[in-house]
Amino acid sequence: MNLVMTVLTIASLLSIVLVLVSFWLPQMTPDSEKLSPYECGFDPLGSARLPFSLRFFLVAILFLLFDLEIALLLPLPWGNQLLNPLVTVSWAAAILILLTLGLVYEWLQGGLEWAE
C-alpha cells in the first residue's frame, strides 16, 4: 500500500509541476500568421478558388501511401508465431518490394522533386 501511495504522489507532483511549467514557458508573441484561423499557407480572406499545387498533392499522397505501409507491416512480428511464418514473411516482402519499386518509379519520373 505504501508503494502505491508513493507512486501516486510522485505522479501527481510531476503532473502539477509540468502543468505549471507549461504556463510559464511558452512565448506569447503571436504574429499575423498565428492569429489567422488557417495555418496552411493560404490567405483566409482571399478567394477560395485559387489553384492548388498538384505537386504538393502528389507528395501528400505519397506520404499517405508510405504511412499506410507501416500499418500493413505492423502485424509482422506476430506473424512469426504462426504455424507457417514463411507465408507472412513472403507477403511482407511482396509489400516492401512493390512499394520500393513504386518509390524508384516516382524518383525516376521526378515526382519527388519539390522545386523545379
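- Hydrophobic cluster membership of Val104, counting Ile, Leu, Val, Met, Phe, Trp and Tyr whose side-chain heavy atoms lie under 4.5 Å apart directly or via other members: Leu108.
- The structure places OG of Ser90 at 8.0 Å from CG of Asn84, a figure rounded to the nearest 0.5 Å.
- Under the side-chain contact (heavy atoms from CB on, under 4.5 Å) criterion, Ser22 pairs with no residue, sequence neighbours left out.
- For Leu20, the side-chain contact (heavy atoms from CB on, under 4.5 Å) test picks out Ile16, Trp24, with sequence neighbours left out.
- Applying the side-chain contact (heavy atoms from CB on, under 4.5 Å) rule to Val21 yields the partners Val17, Leu25; only residues at least two apart in sequence or on another chain are considered.
- Applying the side-chain contact (heavy atoms from CB on, under 4.5 Å) test to Val89 and every residue at least two apart in sequence or in another chain returns Asn80.
- Other cluster members for Tyr105: none, since no ILVMFWY side-chain heavy atom sits under 4.5 Å from it.
- Each of Ile97, Ile95, Leu103 was evaluated against Leu99; a single residue qualifies, Ile95, per the side chain to side chain contact (heavy atoms under 4.5 Å, CB included) test.
- Both Leu62 and Trp107 belong to a single network of hydrophobic side chains, linked directly or stepwise wherever heavy atoms of I, L, V, M, F, W or Y lie under 4.5 Å apart.
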